[in-house]
Asks: 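Take a look at this one; I'll ask things after.
We name chains A, B, ... by the order of the sequence lines, and we start the count at 1 in each one.
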Amino acid sequence: MSEKIRGVKGTRDVLPIDTYLKDKDPWVRVGHLQLIERTARELFPLYGYREARTPILERTDLFVRGIGQETDIVGKEMYTFDDKGESLTLRPENTASIVRAYLEHNVNQQEPETKWWYLAPMFRRERQQRGRYRQFTQIGVEALGNPGPRIDAEQIELLDRWLRKLGIAFEMHLNTLGDQNCRPNYREALQKYLRSRIDELCADCKKRVETNPIRVLDCKNPGCAEVAAQAPKMEQFLCDACRAHFAGVQETLQRLGVATVIDPRLVRGLDYYTRTAYEAIVPSGLGSQSTVAGGGRYDGLVKELGGPDVPGIGFAAGVERMALLLAQQGKEETVRPVVFFASLGPAEEARADRLAQQLRAAGIAAEVSFRKSNPGNLLKRADALGARFALVLGEQELQTGRAKLKELKTGAQHEVALDDLVRAVKELP
RNA sequence: GUGGCUGUAGCUCAAUGGUAGAGCACUGGACUGUGACUCCAGGUGUUGCCGGUUCAAGCCCGGUCAGCCACCCCA
């Protein structure tokens, strides 16, 4: 007796049926994924973004250098393995890969500004829960070579437009993280402040004070939150250039009519972010998760990965999280056959095969019956498939060359000539 | 990685430590050429897996795996 083989922990199937669901909660539907993807494919090129595809596998060092050794992603969440002496990793995010490809092909020497978008599976070895999976999909954009701030606003407006188009209710949070000039000053001041109140912080934050003090601002622990509320603000430490940049982003967004919430506590977990940071946040529907898309500027990353001093900004959206939100709203597109052929014998089946072929060639979805049965059961089958019309093909129809096209919803029958079926179906309202 | 809850038919769920059930769905028939209604018949199963206690375990105990929820972190 062999054991039934199972999927990998933290991965999930998305199937075009209802009954595989293990729980009552809405789950990702194929139709919603298609809607999200199709909208992106249509919308992103209108903003000048072109699709880029990079490999799922990269050298581990790319992420260590790009994302940062101290981050949770690199420190404990990567799928890393040895490939005959070389360490490889399943990508946990795509920005580092995109920048690697950009540099590898010297794109900066071919065009001063580059706008790419991607749709790609990502892998992070976390404990899964609602809205968080070990394999998940991100749709994102990266704009390289443009120091902003108008590109920042344009990109935020793109995300805003996309989510609105899909009917997702969210709030766009916005913040600035400063840059290499002013962030160290802020970090130092913040650190000094946090050390003075270190007894009030949680155990994790006590460590963060030394490793990554800015993330203490993001802690949900009540004690930490209170300390954070009185902490010095980034805004007081911004250098003139960063201050002007942030003002420019806000001004452009206002001109474009994009509503944002300035959120001083919005920080980013990844080391490479500078200046503009933004997140689309939803009030509910994702369990303890609330971010459906996050983005920001990373002006130091390209250089960090061995390239020239090229600025960049991008966002990544969680496709499954978006699909979960859509599932709670219900609407989904499904493809159903227009004509179902109920054939009563071998000769009729042969004719149905050819008729279905003609309909499909004309762009009309058609399905033939493969099982031998009586008309009653075949009509049941047509109904179960959600077909609009059923056409019973028997001896009589083959002889006369005429058949009745039955509209299943109303029961109305339309007499049609088999030789003229395509035109007849097209002409029906 | 840490903690809590759960695991019985394809799905939703019952069963005091004592013989595994219902609804839905599925297949066929009543209806050898016209579905939705109705009726009848029929698979529905190593009770997640392994071990222990017991005369006896779906039920109690331990382990393990998986799912859910929360922390952490993030999309």
Asks: Salt bridge check: are A/Arg297 and A/Asp299 linked by an N-O gap of less than 4.0 Å?
Replies: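 Yes, A/Arg297 and A/Asp299 are salt-bridged.
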Asks: Quick check on A/Arg388: does its CZ atom have over 12 non-hydrogen neighbours (other residues, nucleotides or ligands) under 6.0 Å away?
Replies: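 Above 12, so yes.
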Asks: Measure the distance from CD on A/Glu37 to P on B/A75 and round it to the nearest whole Å.
Replies: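 A/Glu37 atom CD is separated from B/A75 atom P by 19 Å.
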Asks: Would you classify A/Gly131 as touching base, sugar-phosphate or nothing, given that sugar-phosphate means primed atoms plus P, OP1 and OP2, and contacts are heavy atoms under 4.0 Å?
Replies: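 Result for A/Gly131 = base.
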Asks: What integer distance in Å separates A/Gln128:CD from B/C71:P?
Replies: 15 Å
Asks: If pairing requires Watson-Crick or G-U wobble contacts with both distances under 3.5 Å, which nucleotide is the partner of B/C68?
Replies: B/G4
Asks: Should we say atom CZ of A/Arg150 is surrounded by more than 12 heavy atoms from elsewhere, each under 6.0 Å from it?
Replies: no
Asks: More than 12 heavy atoms of other residues, nucleotides or ligands under 6.0 Å from NZ of A/Lys303: is that the case?
Replies: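 No, the 6.0 Å shell around NZ holds no more than 12 heavy atoms from other groups.
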Asks: Return the value, rounded to whole Å, for the distance between atom CG of A/Leu15 and atom P of B/C11.
Replies: 12 Å
Asks: Just checking A/Arg161: does its CZ atom have more than 12 heavy atoms from other residues, nucleotides or ligands closer to it than 6.0 angstrom?
Replies: no
Asks: How long is the line joining OH of A/Tyr133 and P of B/C68, in whole Å?
Replies: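 Atom OH in A/Tyr133 sits about 7 Å away from atom P in B/C68.
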Asks: If pairing requires Watson-Crick or G-U wobble contacts with both distances under 3.5 Å, which nucleotide is the partner of B/G43?
Replies: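 Matched B/G43 with nothing under the 3.5 Å cut-off.
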Asks: Using both distances under 3.5 Å as the test, list the Watson-Crick or G-U wobble partner of B/C59, or none.
Replies: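 When the pairing criteria are applied, nothing turns out to pair with B/C59, so the answer is none.
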Asks: B/C74 phosphate, OP1 or OP2: any side-chain N/O from A/Arg124 under 4.0 angstrom?
Replies: no
Asks: Can you tell me how far P in B/C60 sits from the matching atom in B/G17, rounded to whole Å?
Replies: 8 Å
Asks: Just the rounded figure in Å: distance from P of B/A75 to CG of A/Asn94.
Replies: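 Result: 12 Å.
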Asks: Any base atoms under 4.0 Å from A/Gly7, or only sugar-phosphate, or nothing? Heavy atoms, all strands.
Replies: nothing
Asks: Round to a whole Å and report the spacing from CG of A/Leu385 to C1' of B/C26.
Replies: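 Atom CG in A/Leu385 sits about 14 Å away from atom C1' in B/C26.
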Asks: Any chance you could lay out the side-chain contact (heavy atoms from CB on, under 4.5 Å) test for A/Asn175 and A/Glu279, step after step, and finish with the verdict?
Replies: CA-CA 9 Å; A/Asn175 192 23; A/Glu279 264 181 30; over 6 Å; no
Asks: Quick one: look up who B/U38 pairs with, Watson-Crick or G-U, both distances under 3.5 Å, and put none if it's unpaired.
Replies: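 Across all strands, the one nucleotide that pairs with B/U38 is B/A30.
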Asks: Once each nucleotide of nucleotides 27-35 of chain B is scored for protein heavy atoms under 4.0 Å, what B/S/- sequence comes out, 5' to 3'?
Replies: SSS---BBB
Asks: In whole Å, measure the gap between the C1' atoms of B/G35 and B/C31 for me.
Replies: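 Rounded to whole Å, the distance is 12 Å.
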Asks: Figure out the CD/P separation between A/Glu142 and B/A75, and round it to whole Å.
Replies: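 Rounded to whole Å, this separation is 12 Å.
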Asks: Measuring only the C1' atom in each nucleotide, how far is B/A9 from B/U46? A whole number of Å is fine.
Replies: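 Roughly 14 Å separates the two C1' atoms.
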Asks: In whole angstrom, give me the gap between the P atoms of B/U19 and B/A56.
Replies: 15 Å
Asks: Going through the distances and angles, do A/Arg423 and A/Glu427 end up as a salt bridge (Lys or Arg N to Asp or Glu O under 4.0 Å)?
Replies: CA-CA 6 Å; A/Arg423 197 179 57 80; A/Glu427 280 178 1; 2.6 Å; yes
Asks: Which value, in whole Å, describes the distance between the C1' atoms of nucleotides B/G48 and B/C65?
Replies: 8 Å
Asks: Are any side-chain N or O atoms of A/Arg12 and backbone N or O atoms of A/Tyr133, one a donor and one an acceptor, separated by less than 3.5 Å?
Replies: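 No, the answer is negative, given that no donor and acceptor are paired below the 3.5 Å cut-off.
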Asks: Round to the nearest Å and state the distance from A/Ile67 atom CD1 to B/C74 atom P.
Replies: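 Answer to the nearest Å: 11 Å.
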Asks: In whole angstrom, give me the gap between the P atoms of B/A57 and B/U16.
Replies: 16 Å
Asks: Think A/Gln129 has a side-chain N or O under 4.0 angstrom from the OP1 or OP2 of B/A70?
Replies: yes
Asks: What's the gap between B/G18 and B/G58 when it is taken at their P atoms, as a whole Å value?
Replies: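 Taking atom P in both B/G18 and B/G58, they lie 10 Å apart.
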Asks: Do A/Tyr193 and A/Gln230 pair up side chain to side chain, a donor and an acceptor below 3.5 Å, judged on atom types alone?
Replies: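 Not at all, the side chains of A/Tyr193 and A/Gln230 share no donor-acceptor pair under 3.5 Å.
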Asks: Regarding A/Ala316, tell me which of base, sugar-phosphate or nothing describes its non-hydrogen contacts under 4.0 Å with the strands shown.
Replies: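 Since only primed, P, OP1 and OP2 atoms lie under 4.0 Å of A/Ala316, the category is sugar-phosphate.
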Asks: Heavy-atom distance under 4.5 Å between the side chains of A/Leu158 and A/Trp117, does that happen here?
Replies: no
Asks: Could you go over nucleotides 1-4 of chain B and give all protein N or O partners under 3.5 Å, atom names and distances?
Replies:
from	atom 1	to	atom 2	distance (Å)
B/U2	O4	A/Arg127	NH1	3.3
B/G3	O6	A/Arg127	NH2	3.3

Asks: Sticking with atom C1', work out how far B/G7 lies from B/U64, rounded to a whole angstrom.
Replies: 13 Å
Asks: Under the rule for side-chain hydrogen bond (donor to acceptor under 3.5 Å, both in side chains), what residues qualify as partners of A/Arg195, not counting sequence neighbours?
Replies: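 Residues passing side-chain hydrogen bond (donor to acceptor under 3.5 Å, both in side chains) with A/Arg195: A/Glu210.
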